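Letters A, B, ... are given to chains in the order of the sequence lines, protein chains preceding strands, and every chain is numbered from 1. This one's a predicted model, so the numbers in the text were calculated from it and none came from an experiment.
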Amino acid sequence: MNYWLMKTEPDVYSIEDLRRDGSTGWEGVRNYQARNFMRDEMATGDLVLVYHSNAKPPGVAGVGRIVREAHPDLSAQDPDSPYFDAKASPDNPRWLQVEVGYVETFDRMVSLDRLRSDQALSGMMVLRKGCRLSIQPVARRDFERVVKIGRGG
DNA sequence: GCCAACGTTGGC
DNA sequence: GCCAACGTTGGC
């Protein structure tokens, strides 16, 4: 079982939207490294830190779970979608998505500042300067520590 | 709104 | 295959 951090802009889709929906197709990932993580390493049951980017403040808002493994992201083939990609087709979907289920919203979101201030979390990819990757692997111990902080521990 | 740090594109 | 130009991300 693996652990992940997945970024979302809460103005577009927040942890509260995920709570309301129960689960959602995580469409719109348009980065090969992130896609390959989904394709090669994500499995049903993996747990996810749901990270709010472009938020005030940015940080981890809660937890999700992979409920369906990687499959074609059809928004790439939809000309009306903001995620449309003319190079995607039924023969070559090009982009993938996973289905993410809701698990919990933290009592207090774990802000980026809070993550930075914790020496034990200094290895987290999201803290690396200029790291734009929207799907990142997270070490189990880091995942558990962030959850503990989020629950008020 | 700024801009550093990337990733992608396309001419050569 | 190189690399300059361009577009995007995302914190601030």
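Salt-bridge formation is not detected for the pair A/Glu144/A/Lys148: no Lys NZ or Arg NE/NH1/NH2 atom is positioned less than 4.0 Å from an Asp or Glu carboxylate oxygen.
Using a 4.0 Å heavy-atom criterion, one finds that A/Arg128 contacts no nucleic acid atom at all.
Within the structure, ring-ring contact (aromatic ring centres under 6.0 Å, His included) pairs that include any residue of residues 68-119 of chain A comprise A/Tyr32-A/Trp95 (at least two apart or interchain).
To the nearest 0.5 angstrom, A/Met124 atom CE is 5.5 Å from A/Leu49 atom CG.
For CZ of A/Arg108, the number of neighbouring non-hydrogen atoms (other residues, nucleotides, ligands) closer than 6.0 Å is 12 at most. The environment of A/Arg35 atom CZ is dense: over 12 non-hydrogen atoms of other residues, nucleotides or ligands sit within 6.0 angstrom.
The footprint of chain A on DNA chain C, defined by a heavy-atom cutoff below 4.0 Å, extends from C/dG7 to C/dC12.
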